[in-house]
2 protein chains.
Amino acid sequence: MLALSDTCRAAIMGHGGLCACLSPSALGHLRAIAGDVRIEAGQTLFQTGHAADALFGVRHGAVMLSRSLDGHRRQILSFHFSGDMLGFAAEGRHHCTATALGRASLCRIPLAELDQDLALQRHVHGILARNVGQALDMQVRLGRMNAAERVRSLLNELCSRLGGGRELHLPMRIAEMADYLGLRPETVSREMSALRQAGLVGSFSPDGVLAITDPTGL
Amino acid sequence: MLALSDTCRAAIMGHGGLCACLSPSALGHLRAIAGDVRIEAGQTLFQTGHAADALFGVRHGAVMLSRSLDGHRRQILSFHFSGDMLGFAAEGRHHCTATALGRASLCRIPLAELDQDLALQRHVHGILARNVGQALDMQVRLGRMNAAERVRSLLNELCSRLGGGRELHLPMRIAEMADYLGLRPETVSREMSALRQAGLVGSFSPDGVLAITDPTGL
DNA sequence: CGATACATTGAGGAGGGTCAATCCGGGTGG
DNA sequence: CCACCCGGATTGACCCTCCTCAATGTATCG
């Protein structure tokens with residue numbers, strides 16, 4: 001098992017990552033206080049309304065945050081990959097549910113520990129501010145983009161966040177993309193087919209690998 | 001002119017307000033560092049991309065945050081009323097534009113001052129976390145609600161935030177509601193008419209006053 | 001009193017939802 | 001090794017919600 005600092009450094013994210021831009025001494029402290037969590041695909045890390053007593057950093061795998069409306073309408077709020085943080089809550093209660101998209105491992109930083117560390121606290125504040133910015137991006141997507149634009153912008157986002165050049169490894173299924181974009185799975189599939197016919201992407205293999213034929217064209 | 005503490009105390013908001021839950025001594029300090037800003041209807045407080053060097057608290061009036069897509073598609077991200085804070089930015093740049101809905105007065109807290117005050121900083125962190133929660137509410141609205149549900153939830157939100165019992169004073173026009181809800185003005189108007197015919201709301205006078213006939217029915 | 005700005009209402013059309021059939025790859029069991 | 005099954009992606013046909021465009025109503029202001 002890799003040490004916390006190693007796994008977090010391994011994350012490419014220049015921004016948004018927790019450990020990426022911490023000093024060695026701060027990293028040492030963080031390693032001392034951070035716990036370890038592993039969850040299987042589909043399991044939840046926390047649920048809406050649960051008490052929030054820790055922040056989490058994704059080491060490996062992918063986690064999604066979601067909320068459901070009257071039980072059968074689901075809105076996926078965000079995807080979190082290696083190096084990303086999640087678990088921010090207001091008034092001590094989680095306002096969404098965190099579910100693993102595949103097997104995932106995370107580090108766990110108790111809020112009590114966070115209160116002790118001023119530098120870490122400021123760092124987390126910056127991450128939180130960026131989270132707000134991403135939430136606003138989503139509002140524009142959901143409020144003012146049509147289906148084709150939504151799918152393209154999602155692929156763009158995933159390309160830049162997951163890297164991987166011409167092979168985009170999607171950790172989620174069409175159904176999750178749809179619930180993230182405010183669309184139906186059929187609509188997402190149709191738009192993907194349109195992109196394929198336009199020569200921008202290749203085939204979408206069932207193990208989640210999508211070939212990006214024309215990265216700039218997206 | 002009212003003193004800062006007075007005007008902020010006047011704000012009813014139990015949560016989300018800046019001054020509401022500060023101790024008298026903290027309030028004194030805040031009054032010492034906070035500046036004063038007044039803007040006319042339609043004027044902007046800051047714009048996307050501008051350097052962010054201060055937070056703002058609404059004293060009187062209403063302010064909206066918005067972002068525009070290719071110039072002619074606008075998404076309104078949030079409305080801010082008396083007692084609300086705005087101006088949170090990531091990496092020192094504003095990621096949206098703040099526009100006054102009517103004549104508005106605000107207090108201005110330089111970020112440099114904020115760095116000095118630990119208690120205030122923690123307080124602001126809490127407000128920021130709540131802002132994230134509201135942004136997630138919007139994602140559910142925009143992604144998974146139909147037109148009727150969006151309009152009703154907006155009216156509900158405004159009722160609870162603006163108070164005023166059976167007379168809801170709307171500081172924005174139909175066009176702004178539409179750009180907030182991801183709809184067209186005509187659609188919002190139609191849904192309002194439907195609520196009127198259902199007996200839930202009364203007439204919508206051109207000065208922005210909407211009679212709430214059945215507050216619980218919403 | 002006309003002019004302007006905005007809300008309202010109507011008619012028609014398009015985008016995306018809904019439902020159902022089909023396809024496709026992988027796993028299972030004979 | 002092959003038939004079968006199963007979950008999910010794909011595709012098609014149809015329909016409904018919301019958008020679009022245009023006309024009308026209405027209050028405010030010069």
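Residue numbering restarts at 1 for every chain, and letters A, B, ... go by the order of the sequence lines.
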Next on the checklist: Output the rounded distance in Å from CD (Glu149(A)) to C1' (dG15(C)).
Outcome noted: 12 Å
Checklist entry - For Leu170(B) and dA7(C), what is the distance between atoms CG and C1' respectively, to the nearest whole Å? => result 13 Å
Checklist entry - Will you find, in the side chains of Ser78(A) and His80(A), an N or O donor that is under 3.5 Å from an N or O acceptor? => result yes
Item to check | Within residues 176-194 of chain A: residues closer than 4.0 Å to DNA chain D (heavy atoms) | outcome: Glu186(A), Ser189(A), Arg190(A), Ser193(A)
Next on the checklist: Is it the case that atom CZ in Arg73(A) sees more than 12 heavy atoms from other parts of the structure closer than 6.0 Å?
Outcome noted: yes
Next on the checklist: In whole Å, I'd like the distance from the CG atom of Leu210(B) to the C1' atom of dA7(C).
Outcome noted: 13 Å
Checklist entry - Rounded to the nearest Å, what distance is computed from the CD1 atom of residue Ile174(B) to the C1' atom of nucleotide dA7(C)? => result 7 Å
Next on the checklist: Is the distance between the ring centroids of His125(A) and His125(B) under 6.0 Å?
Outcome noted: yes
Checklist entry - If you pin Arg196(A) and Arg144(A) to their nearest nucleotides in DNA chain D, which one's is more 5'? => result Arg196(A)
Item to check | Nearest-Å distance for atom pair CG/C1', residues Leu195(B) and dA7(C) | outcome: 15 Å
Item to check | Candidates Arg141(B), Arg74(B), Gln75(B), Arg150(B) - the one meeting side-chain hydrogen bond (donor to acceptor under 3.5 Å, both in side chains) with Tyr180(B) | outcome: Arg141(B)
Next on the checklist: Checking Glu91(A) against Arg130(B) for the salt bridge (charged side-chain N to carboxylate O under 4.0 Å, His left out) test, could you report, in this order, the C-alpha distance in whole Å, the side-chain angles of both residues, the deciding distance, and whether it holds?
Outcome noted: CA-CA 8 Å; Glu91(A) 273 124 37; Arg130(B) 264 188 299 274; 2.7 Å; yes
Next on the checklist: Please evaluate residues Asp53(B) and Arg108(B) with respect to the criterion salt bridge (charged side-chain N to carboxylate O under 4.0 Å, His left out), reporting the C-alpha separation (whole Å), side-chain torsions for both, the decisive distance (0.1 Å), and the verdict.
Outcome noted: CA-CA 10 Å; Asp53(B) 54 355; Arg108(B) 181 180 183 283; 3.4 Å; yes
Checklist entry - Using a cut-off of 4.0 Å on non-hydrogen atoms, how would the nucleic acid contact of Asn146(A) be classed: base, sugar-phosphate, or nothing? => result sugar-phosphate
Item to check | Residue closer to the 5' end of DNA chain C, Arg173(B) versus Pro206(A) (nearest nucleotide) | outcome: Arg173(B)
Checklist outcome for this item: Rounded to whole Å, CE of Met145(B) lies from P of dG17(C) at a distance of 16 Å
